[in-house]
Amino acid sequence: MYFTDRGIEELEERRGEEQVSLSWLADRMRAFVDLHPDYENAVERLATFLARDDDDPED
């Protein structure tokens with residue numbers, strides 16, 4: 001188990017039944033980077049990963 005798995009599991013346990021918009025998620029990611037600028041690259045990579053569809057031939 002990776003260290004990040006604990007955070008992902010907590011997220012799923014606490015908010016697993018909620019539905020959120022991608023705009024809400026983007027706002028939360030921006031707020032996180034504002035508080036933790038050292039993680040900007042990781043957040044950018046996650047956002048790019050989430051934005052791209054593996055089936056999209058242009059990516």
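Bear in mind that the values here come from a model prediction, so they are computed numbers and not experimental data. Numbering starts at 1 and runs along the sequence shown.
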Task: Ion pair check, Arg6 and Glu9, cut-off under 4.0 Å - done: no
- [ ] For atom CG of Leu11, decide whether the heavy atoms of other residues, nucleotides or ligands shown that lie under 6.0 angstrom number more than 12.
- [x] yes
Task: Side-chain heavy atoms of Leu50 within contact of Leu25, under 4.5 Å - done: yes
Open item on the list: Within the supplied structure, the quantity of interest is the number of heavy atoms (other residues, nucleotides, ligands) at a distance under 6.0 Å from Glu12 CD; does it exceed 12?
Closed with: no
Task: Min side-chain heavy-atom separation Leu46-Met29 under 4.5 Å - done: yes
- [ ] Could you name each residue pair satisfying salt bridge (charged side-chain N to carboxylate O under 4.0 Å, His left out) that touches residues 31-47, not counting sequence neighbours?
- [x] none
Open item on the list: With clusters defined by side-chain heavy atoms of hydrophobic residues (ILVMFWY) lying less than 4.5 Å apart, directly or transitively, does Ile8 cluster with Val20?
Closed with: no
Task: Qualifying residues under ring pair (Phe, Tyr, Trp, His ring centres under 6.0 Å), relative to Phe32, sequence neighbours excluded - done: His36, Tyr39
Task: Results of salt bridge (charged side-chain N to carboxylate O under 4.0 Å, His left out) for Arg30 - residues two or more places apart only - done: Asp27
